[in-house]
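All of these numbers come straight from a predicted model, not from anything done at the bench.
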Amino acid sequence: MDYRAVGLKVGLEIHVQLNTGRKLFCNCLPIVRNDEPPHFRVVRRLRPSMSELGEVDPAAIWEFRKHRTFVYEGYYDTTCLVELDEEPPHDPDPESLEVALAVAMMFNAKIFDEVYVMRKTVIDGSNTSGFQRTMLIAHDGLAKFFDYKVPIQTIALEEDAARKIEERGGDTVVYRLDRLGIPLIEISTGILTYNPQEVMEVAYYIGHSIKMTGKAKRGLGTVRQDVNVSIEGGAKTEIKGVPDLSLIPKVIEYEVQRQLNLLAIRDELIRRGGVREDWFVKDFVDVTDIFSSTKSNLIRKVLEGGGKVVAIKTPGLKGILGKEVQPNRRFGTELADRVKVWTSLSGLIHSDELPGYGITAEEVSKVSSRLGVDSFILLAGTSDRDLVDAVDVIIDRIREALHGVPEETRAANPDGTTRFMRPRPGAARMYPETDLRPIRITEEMLARARALIPEPIESRVSRYVGYGMSRELAMQVIKSPPFYDLIDYLIGEFQGRVPATLIANTVVNTMKSLQRDGVDVSVITEDHLKAIFNEYAQGVITKEAIPDIIAAWSKEPDKPIDDVINRLGLRRMNPEEVRKYVMERAPKLGINDKNKLMNALMKELRGKADPSDIMRAIDEYLKNSQKDKVA
């Protein structure tokens, strides 16, 4: 796809959890735990309130109308009254603030003289207070990564949300309070016009730069990405919670497809004679009697539970409801998403997919005749409130389709497609935190923050290349955050005795390859690797022996390395031993081609002899053989 031609614009929001000594607004330990069942549970309902300007955020209203109950689980030893919103927040964690200032300086952003804690309305239950506390640290920065120049719009320090554990029947959501309050840095970029693959790389470099401070948490869920996408004629769509960097290109590609297809739907409706909003009425027709003897398991189950079937007229939408907007997702799916978010109904059935689901052509004809249209939507449910609410959101979404692409917040699916979450928030979402004073940024704070600024990525790559690594290997090291500090340490420890390339390849590639083969490399520690490279530096083992030693040592990691080497028979032969072996073995192999002979002997001596020693012995053997022939 020509992304420039469609006017692709992308913005990133990168969220990175910080590894600090306490939570952001209390003294609780910032850990996510699954070591034991929660100690207590609290049940609550949340409702929206007006801002100081007398406005209510539309996203908050949307969430409130779901009529949800929230259950909060906590621990007495790592959760306090601040998480429960029963105690005012403490002053922000100074360590977290200094990390945020360091990140701002890394990205050349303008730091505010004073930092104010703000409340950001969040009423999906993930915050017990109904808002998230956030602090704007800096603005208008510019991050540079190789050929990328990335405008940084804002840098914020905020508290992480509670962790969703489960949803019960759509009406009750269970959250765990352990994650609530963990310090989180949010980096918001300006508009990016790079292609989707390049956007993924930018996201990596931003998150990785923060991790290089040594103050970021590692592991699943510690870095989260939101992606904002728009195209020419479309609308800004915020896609929340892209779980993995590698999914970013697919998410962008599929969102561009969705917006192009929604614009095509709008244009098609115009071509059909100008379908109007007033054609779609928030009303339904009860068609339960038509399905009294239906063979559809889906509908029969609802009717047996005392429910009913209703139909909504959708004039002018024949062929539109079934139009694909993303892979395996149709415009009808867009409508069903709204129904699932708003009600306890599992979805809807539209006329473009009928007959189907056990519904016969005769039943379809009867519904069409009663409605007087050839395009309709069926809803089946036991709750009148759910049916009325579903009709409302369906008609609202159809009316939006007449204008193209609606602005909304969507969630990423595992395959890169997206689903509706809620409307985009408005300006009334943010207001000052009244329980905390402003924080003046001092020269002393900035000095401590400067000490946290890591070596730039470009500089690190250049340094690795200077050690003799290829650029590709250097980038592999950079993209392996659990290992690059270890590699730096080992390179310094064995400088001049073990090639940096061997150290990097062992840690980044050999360990990964062994893990794929089922070897438990997690038990191989820094001390194990130091012992291995020490044996190599002293000429005790060859580099070819290292993978076998790691694999064997992983099964008995408490054994001395000498025991492992001796048991495997991988103690390096000296040059004279290699020469003697080759002179005795080569005549028996009967191979006179140098390369073939090398391959044969390497199979027998791999890990026991240095390849250069084997080659020298082969050269001598072939030279002597040639002399014997001449004689």
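- At least one side-chain heavy atom of Gln225 sits under 4.5 Å from a side-chain heavy atom of Val223.
- The two residues Leu101 and Ala449 make their nearest non-hydrogen contact at CB-CB, 3.7 Å.
- Under the 30°/60° scheme for interplanar angles, the aromatic rings of His39 and Tyr75 are found to stand perpendicular.
- The environment of Asp2 atom CG is dense: over 12 non-hydrogen atoms of other residues, nucleotides or ligands sit within 6.0 angstrom.
- Residue pairs that meet the side-chain hydrogen bond (donor to acceptor under 3.5 Å, both in side chains) test with at least one member in residues 8-17, sequence neighbours left out, are His15-Glu186, Gln17-Asp160.
- With a 6.0 Å cutoff to the six-membered ring centre and a 45° limit on the axis angle, Lys543 does not count as a cation-pi contact of Tyr536.
- Among residues at least two apart or in separate chains, side-chain hydrogen bond (donor to acceptor under 3.5 Å, both in side chains) pairs with a member in residues 548-562 are Glu556-Arg567.
- Within a 6.0 Å radius of NZ in Lys608, other residues, nucleotides and ligands contribute 12 heavy atoms or fewer.
- In this structure, the ring of Tyr3 has its center no less than 6.0 angstrom from the ring center of Tyr194.
- In this structure, Leu247 and Asp415 approach most closely via the heavy-atom pair CD1-C, 4.2 Å.
- Pairs passing the side-chain hydrogen bond (donor to acceptor under 3.5 Å, both in side chains) check and including a residue from residues 487-507, sequence neighbours excluded, read Arg460-Asp488, Arg463-Asp488, Tyr464-Asp488, Tyr489-Lys530, Asn505-Asn509.
- In this model, a donor atom of one side chain and an acceptor atom of the other lie less than 3.5 Å apart for Arg33 and Thr78.
- Here Asp610 pairs with Arg572 in a salt bridge; the nearest charged N to carboxylate O distance falls below 4.0 Å.
- Defined by atom type and a distance below 3.5 Å, a donor-acceptor pair is missing between the side-chain atoms of Thr525 and Asp527.
- Rounded to the nearest 0.5 Å, atoms CG (Asp178) and CZ (Arg163) are 4.0 Å apart.
- Counting heavy atoms from C-beta on, the side chains of Glu167 and Lys164 come closer than 4.5 Å.
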Just do the side-chain contact (heavy atoms from CB on, under 4.5 Å) check on Glu535 and Ile565 with the steps written out, would you? CA-CA 10 Å; Glu535 296 296 297; Ile565 294 171; 3.9 Å; yes
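- Between Lys580 and Glu577 there is no salt bridge, since none of the side-chain N atoms of the basic residue sits less than 4.0 Å from a carboxylate O of the acidic one.
- The shortest side-chain heavy-atom distance between Leu601 and Leu589 falls under the 4.5 Å cut-off.
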